[in-house]
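The next block holds one structure in the form of structure tokens; read it before the comments.
Just follow the structure's listing: the first ligand is 1, and inside any ligand the first atom is 1.
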Amino acid sequence: MTIQFTKMQGAGNDYIYVNTINQPVTNPKELAIQWSTYHTGIGSDGLVLIGPSHIADFSMRIFNADGSEAKMCGNASRCIGKYLYDKKLTQKKQISLETLSGIKHLELHVKNGAVKEVTVDMGCPDILEESLNLSCPNGTFTGTFVSMGNPHFVTFVEDIKQANLPVTGPLLEHHPYFPDRANIEFVQFLSEGNARMRVWERGSGITQACGTGACASAVALIAHGRAQKGDKIQIQMDGGTLTIEWNPTDNHVYMTGNAVTVFEGSIKL
Ligand SMILES: N[C@H](CCC[C@H](N)C(=O)O)C(=O)O
């Protein structure tokens, strides 16, 4: 059997997208591992399944490159918006998407008949620990523990170039404090409304960008007085910049950024 897939990326965070409405997938964990592998697979940060929903317009499931299922993915939610509109699975420019962390609302920004950017209402953040000190073999790291439906540890650094992601990332991801592991963001404050972030993602390692991580980073900046609610905060990552607003009126976080189709493909099961 052959599966049709679409490779897409948001701010460089790339996933394999499969429409399970017309082609069901029974072993997504194994396929995420197999297909995400470079050289022998397709190569990606993970696998995203687009499906039907009884409570929203569509549904999303997201699997990291190690096969672990996450409750939310910001970059993938934007790409799903593009996928659905560009492939004429919907004509709506406001779409509701069922995820394991609740229903998310997407606003599609269309130009010349195709989605260029999407704004996602990411809901309310949950600051679990405003200032948490975690000891690792290579030092102690102070950060903010934030949930955007998935867990994030945001640590501020003076110089992003000095952040040793390959060593510190996995040590913090697997720290005993995080029974479900965590995504790790290293953030360098640039000015009010601007920050540089690099991410070690739970289950995928270093990625070019993390949408929920950009939201968690903006929330941490505001919690520490380095930005204000209502600011349009530019989170600059390796693969691109996302605009994040923590709205003071509804307390929701809004994420805006691109969504790009890279190629269509098929692969034998
Ligand atoms: N690695 C994340 C899932 C992907 C999130 C990220 N790619 C995003 O854009 O939000 C986790 O295990 O929670």
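- Contacts between N64 and ligand 1 below 4.0 angstrom, taking non-hydrogen atoms only, involve the side chain exclusively.
- Proximity annotation for atom 1 (N) of ligand 1: of M255, Q208, E201, M148, E201 comes nearest, heavy atoms only.
- The hydrophobic clustering, which links ILVMFWY residues whose side-chain heavy atoms are closer than 4.5 Å, places V118 and M8 together.
- The two residues L242 and G211 come nearest to each other via the heavy atoms CD1-CA, 3.8 Å.
- A pairwise comparison of heavy atoms in D45 and G12 identifies OD2-O, 4.3 Å as the closest pair.
- A salt bridge links R196 with D238: at least one charged nitrogen is closer than 4.0 Å to a carboxylate oxygen.
- Salt bridge status for K71 with D180: absent, with no side-chain N to carboxylate O gap under 4.0 Å.
- In this model, a donor atom of one side chain and an acceptor atom of the other lie less than 3.5 Å apart for D57 and S96.
- At a cut-off of 3.5 Å, with distance as the only test, a side-chain donor of N150 or T212 sits close to an acceptor on the other residue.
- Note on ligand 1: S204 sits outside its first shell, no heavy atom being nearer than 4.0 Å.
- Counting protein heavy atoms only, atom 9 (O) of ligand 1 is closest to G211 N, 2.8 Å.
- Within the 4.0 Å heavy-atom criterion, neither part of W200 lies near ligand 1.
- A salt bridge is absent between E173 and R202: the closest approach of a Lys/Arg side-chain nitrogen to an acidic carboxylate oxygen does not fall below 4.0 angstrom.
- The protein non-hydrogen atom at the shortest distance from atom 2 (C) of ligand 1 is N183 OD1, 3.2 Å.
- Distances below 4.0 Å separate heavy atoms of N13 from the following atoms of ligand 1: 6 (C), 7 (N), 9 (O).
- Where the criterion is an N or O separation shorter than 3.5 Å, residue side chain and backbone included, G74 meets it with respect to ligand 1.
- Of all atoms in ligand 1, numbered sequentially from 1 with element shown, those under 4.0 Å from a heavy atom of Y15 are 4 (C), 6 (C), 7 (N).
- With a 4.0 Å cut-off on non-hydrogen atoms, A70 touches ligand 1 through its side chain and not its backbone.
- Proximity of M72 to ligand 1, defined as any heavy-atom pair under 4.0 Å, is confined to the backbone N, CA, C and O atoms.
- The backbone and the side chain of N75 each have at least one atom closer than 4.0 Å to an atom of ligand 1 (non-hydrogen atoms only).
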